[in-house]
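Right, one structure below, let's go through it.
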Amino acid sequence: MKTASIYCVGCGCNVNAELTDASKIYPNRLDLKNIPMWQCPTCWNFVGCHHKTKDRTKPLGSIPTKEIRQVRKSLHYHIDLLWKNAPNRRVVRTEIYAKIGDFIGRTYHSAEVNSVEDGEKIIEFVKSLSGRKE
């Protein structure tokens, strides 16, 4: 079994995560059966991989808890609202990520959000970019 040292938010430390496939995590999703994922052997939280790239088992980021996974999904939703309908989508998306990076003081990637509080602050910032207050 292949393992890798990956930070697990639930455990608060690097763990020897085990490479598995999504069918072990989502047994009813046959469409995911060949998608690689890393799973913490202690708390059973998991993270997906860059499976559409040359390095298909590279983890997408740290291993999130269920709550942080939901915040990351919400972040993507709010960010996507800003750029997906823009005429020059790639430029707009890059600009949004740069603005978030300026806001947090480092390069931004959703997979590196490791707390619900940080995720919620970034969501509020992203909403402010569009003027949405909901």
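Shown here are the salt bridge (charged side-chain N to carboxylate O under 4.0 Å, His left out) partners of E120, two or more places apart in sequence or in another chain: there are none. Contacts of D118 classified as salt bridge (charged side-chain N to carboxylate O under 4.0 Å, His left out), with partners at least two apart in sequence or in another chain: none. For K58, the salt bridge (charged side-chain N to carboxylate O under 4.0 Å, His left out) criterion is met by no residue, not counting sequence neighbours. Listed by chain and residue number, N14 satisfy the side chain to side chain donor-acceptor pair (under 3.5 Å) test with S5 (two or more places apart in sequence, or in another chain). Not a single side chain to side chain donor-acceptor pair (under 3.5 Å) links T94 to another residue, sequence neighbours left out.
Between I79 and I100 the shortest side-chain heavy-atom distance falls below 4.5 Å.
Distance check, rounded to the nearest 0.5 Å: CZ of R89 to CG of L82 gives 13.0 Å.
For residues 81-116, the set of pairs meeting the ring-ring contact (aromatic ring centres under 6.0 Å, His included) definition, not counting sequence neighbours, comprises Y97-Y108, F103-F125. For residues 16-25, the set of pairs meeting the side-chain hydrogen bond (donor to acceptor under 3.5 Å, both in side chains) definition, not counting sequence neighbours, comprises D21-S23. Note on residues 26-38: pairs passing salt bridge (Lys or Arg N to Asp or Glu O under 4.0 Å), not counting sequence neighbours, are R29-D31.
Cluster partners of M1: none. The rule joins Ile, Leu, Val, Met, Phe, Trp and Tyr whenever side-chain heavy atoms lie under 4.5 Å apart, and it links nothing here. Alongside W44, the hydrophobic cluster contains no other residue (criterion: ILVMFWY side chains under 4.5 Å). Through direct or indirect side-chain contacts shorter than 4.5 Å among Ile, Leu, Val, Met, Phe, Trp and Tyr, Y26 is connected to I25, L32, I35, M37, F46.
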V116/I68 under side-chain contact (heavy atoms from CB on, under 4.5 Å): CA gap, chis, key distance, verdict: CA-CA 6 Å; V116 171; I68 293 171; 4.1 Å; yes

Residue pair E112, Y7: steps toward the side-chain contact (heavy atoms from CB on, under 4.5 Å) verdict: CA-CA 10 Å; E112 295 174 359; Y7 185 77; over 6 Å; no

Taking distance alone, no hydrogens or angles, what donor-acceptor pairs closer than 3.5 Å link side-chain atoms of residues 49-57 to residues at least two apart or in another chain?
{"from": "H51", "atom 1": "ND1", "to": "C49", "atom 2": "O", "distance (Å)": "3.4"}
{"from": "T53", "atom 1": "OG1", "to": "H50", "atom 2": "O", "distance (Å)": "2.7"}
{"from": "T53", "atom 1": "OG1", "to": "D55", "atom 2": "N", "distance (Å)": "3.4"}
{"from": "T53", "atom 1": "OG1", "to": "D55", "atom 2": "O", "distance (Å)": "3.4"}
{"from": "R56", "atom 1": "NH2", "to": "N34", "atom 2": "O", "distance (Å)": "3.1"}

